[in-house]
Each structure stands twice: as structure tokens, then as C-alpha cells.
Amino acid sequence: MRFFSAIIPLLVLLSVRPLYAQCSDAGVCAIGGMDTEDRPLHFGLQYGFGISGSPDDLTSHGVTLEAGALVLPGSRVSIRLPWVAVDGPLGTAQGFGDVAIVWDQRILGSLDGEWRVQVGGIFATGAVNAGGLPQTYQQGLGTNDLLFGVTHTRKSWLFAMGYQLSNGRSDNAVTRLARGDDVLARIGYGTAVEDFDLGIEVLTIKRVSESSVQDPDRPAESAFVSVPDSDHLQVNLIGTVSHLLSRRVRLQLLAALPFLQRDVNLDGRKRALTLELGVQYRL
């Protein structure tokens, strides 16, 4: 969930580039979704557009700044900062979202592939009460979460598993949302066709337990109730096309659609469609 903002970069020389489409938590989607190529630095700028579908009818626009650095051989730190605007029937909210930081470490590598582990966090830097609107409109989710994961790449394939440990409850005055933890599994395949890199990926997220919100019948007592069916399963199909404009600059286009779409949208991160256009510069 976190800094929904957006959706994200390349894998080695392929464009199996994970995207945060209809992701219950953009944080856990970072597992298997970070740039791991052994270049000293990379910078990225991405624009994303998304619609939630009914019944919320939210439209989001996001711009994400990303930077990554090789700090040790096989070790890379990446950081992302999103700016998001969400518009819906109740109004509009916009601003910077939650910062995501991930440490990615190669543990085994060969000519055929490699294994990597990821540890990181999502930090509650985004607003949770902008415009006095519910959590579904907010740029941040109001909690500091931990991320853990493992990624395996083998030739043209990517496999990843991840876990997001959600910590605490949002201070949003309307819902006071507390989310359950998330488990992620993803598989992707990439190939090159002439001057273009093509990728396809299936991303699955399962909420481990139901989320809870402020009981509207007992607001003065700070009582909370679990929301039925909020421990949802979602499955997304992601397609990518990327092209090297020069030795250091890559342009990339992404689209994502849900195979299995969740009905409950407490956090506002549900997406019926996501599109993204990004550019990345690598030293």
C-alpha cells in the first residue's frame, strides 16, 4: 500500500519491470521490483495514471522520483518518493506520499542466474487527513512498515516472494484504518524483439488478516471493528515495453489489469487499470 504512487523499474537487461497496479500495498510490491544491475547510480522519473473502478470511482495521477546506488559489490540501496493526486466524488487530495527504502543484497550468483534478498521499510511521510477526506483519498497510510523478500532470476525469468509487516493504525480522522500484513508472490518473463525489451508478469498478493476501522456507531469510545472480506486475494497481469534511447537512458511504458480484483478498497490502492510512462538514467 504505502506510497501508492506508482509503480516501478527494470530487472537486469530485461524489462520484466514490476508495477504497483491494484496493489494492496505498493510497499510489498517492491520485492522483486528494484533495479539490481551493478551500475554505480540510477535515477528515475515516472508518471502513473490509475482508476479504481466502482463503487469508489477514484482517479489518481502520480509522479515518482527514484534513486539507487551501489554501496558494496552486490549491494544496492534504492529510495522512492511519490507525489500523488486523487480525485473522486467526495473531493480531491494531493501531496507527497510515503517514502520507500529497500536494501537489496546478492547472496548467490552464476552465469545462469542469481539469488537476492531484500530488506526495507515504508515510512509514514505522506498526509493522512488531507481535505478531511477518508483514507481512500490519502497519499500516505500513516504507518511505518517493514519489508522482507527473496528474489531469484534465471536467464529470462524472475521469481520473487515477499512479506510486508504492517505496524500500527492510521491517524485518518474518518476511518482510523489498520491493515493486515501482506504476502506477495510474482513471476515474470522478459525477452527482446529488435530494439525493444518486452516483459510480462503475474503478481499475486494475499492479505493475511482482515483490516479494521473506527466503529461508526461508537466514535467517542475509539472502538474498532474488523471489515469482512478485507483479507482479500488479488492477482494482476502486467505488461511492459522499454527502449534504450541511449547507452544511459531508457524509456519504458507499462500497463496493468487485475485478473482477480478485490471488492474492498479501504486504503484507496485498488486499481481497475494502471498505466505508467517512465524514464531512467543510469551511470
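Heads up: numbering here begins at 1 and tracks the sequence. Below, all heavy atoms of this structure are taken into account, side chains as well, without hydrogens, waters or symmetry copies. In this text, all values refer to a predicted model and were calculated from it rather than measured experimentally.
- With hydrogens and angles ignored, the 3.5 Å screen pairs no side-chain donor or acceptor of Asp171 with any backbone N or O of Val128.
- Closest non-hydrogen pair, Arg269 versus Gln139, comes out as NH2-O, 3.0 Å.
- Interatomic distance, Arg186 CZ to Met161 CE, rounded to the nearest 0.5 Å: 12.0 Å.
- Leu273 has its side chain within reach of Leu257: a pair of non-hydrogen atoms, C-beta onward, lies under 4.5 Å apart.
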Discussion item. Show, in sequence, the C-alpha distance, side-chain angles and deciding distance for Val183 and Tyr163, and conclude whether the side-chain contact (heavy atoms from CB on, under 4.5 Å) test is met.
Written reply: CA-CA 5 Å; Val183 175; Tyr163 193 89; 3.4 Å; yes

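- With values rounded to the nearest 0.5 angstrom, Asp195 atom CG is found 11.0 Å from Ser242 atom OG.
- Between the side chain of Glu114 and the backbone N or O of Thr153, no donor-acceptor pair lies under 3.5 Å.
- Between Glu210 and Ser226, the shortest heavy-atom distance links the atoms OE1-CB, 3.5 Å.
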Worksheet item: Can you list the steps and then say if Thr175 with Gln135 is a side chain to side chain donor-acceptor pair (under 3.5 Å)?
Response: CA-CA 6 Å; Thr175 60; Gln135 185 69 60; 4.5 Å; no

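- With rounding to the nearest 0.5 Å, the separation of CD1 in Ile238 from CD in Glu201 is 4.5 Å.
- When only modelled atom types and interatomic distance are considered, Gln252 and Arg250 share no side-chain donor-acceptor pair under 3.5 Å.
- The environment of Phe96 atom CZ is sparse: at most 12 non-hydrogen atoms of other residues, nucleotides or ligands sit within 6.0 angstrom.
- Each of Asn167, Asp145, Asp267 was checked for a side-chain hydrogen bond (donor to acceptor under 3.5 Å, both in side chains) with Arg179, and the lone residue meeting it is Asp145.
- Between the CG atom in Leu203 and the CD atom in Gln234 there is a gap of 8.0 Å [rounded to 0.5 Å].
- Contact between Tyr137 and Leu90 at its shortest, heavy atoms only, is OH-N, 3.0 Å.
- By the 6.0 Å contact criterion, CG on Asp112 is enclosed, its count of non-hydrogen atoms from other residues, nucleotides or ligands being greater than 12.
- Note on ring orientation: taking the six-membered ring where Trp is involved, the planes of Trp115 and His152 are parallel (angle under 30°, cut-offs 30° and 60°).
- Under a 3.5 Å cut-off, the side chain of Asn265 and the backbone N or O of Gly268 do form a donor-acceptor pair.
- Listed for the Gln214 side chain is a donor-acceptor partner under 3.5 Å among the backbone atoms of Ala223.
- Looking at Asp104, its side chain never comes within 3.5 Å of a backbone N or O of Arg116 through a donor-acceptor pair.
- With rounding to the nearest 0.5 Å, the separation of CD1 in Ile101 from CD1 in Ile79 is 4.0 Å.
- Remark: Trp103 pairs with no residue by the side-chain hydrogen bond (donor to acceptor under 3.5 Å, both in side chains) rule, at least two apart or across chains.
- Atom OH in Tyr47 sits 9.5 Å away from atom CG in Leu277 (nearest 0.5 Å).
- Looking only at distances, a side-chain donor or acceptor of Asn172 sits under 3.5 Å from a matching main-chain atom of Leu133.
- Under the 4.5 Å side-chain criterion, counting only non-hydrogen atoms from C-beta, Ser166 is in contact with Thr143.
- Residues Pro228 and Val264 approach most closely at O-CG2, 3.9 Å, considering heavy atoms.
- Counting all heavy atoms, side chain and backbone alike, Leu266 lies closest to Ser211 at CD1-CB, 3.8 Å.
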Item to complete: Please step through side chain to side chain donor-acceptor pair (under 3.5 Å) for the pair Ser212 and Arg169, ending with a clear verdict.
Response: CA-CA 9 Å; Ser212 67; Arg169 183 178 296 276; 2.9 Å; yes

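- In this structure, Ser170 and Arg176 approach most closely via the heavy-atom pair O-NE, 2.8 Å.
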Practice prompt. List the steps, then state whether side-chain contact (heavy atoms from CB on, under 4.5 Å) holds for Val86 with Val84.
Written response: CA-CA 7 Å; Val86 179; Val84 185; 3.9 Å; yes

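- Donor-acceptor pairing under 3.5 Å is recorded for the side chains of Thr92 and Asp87.
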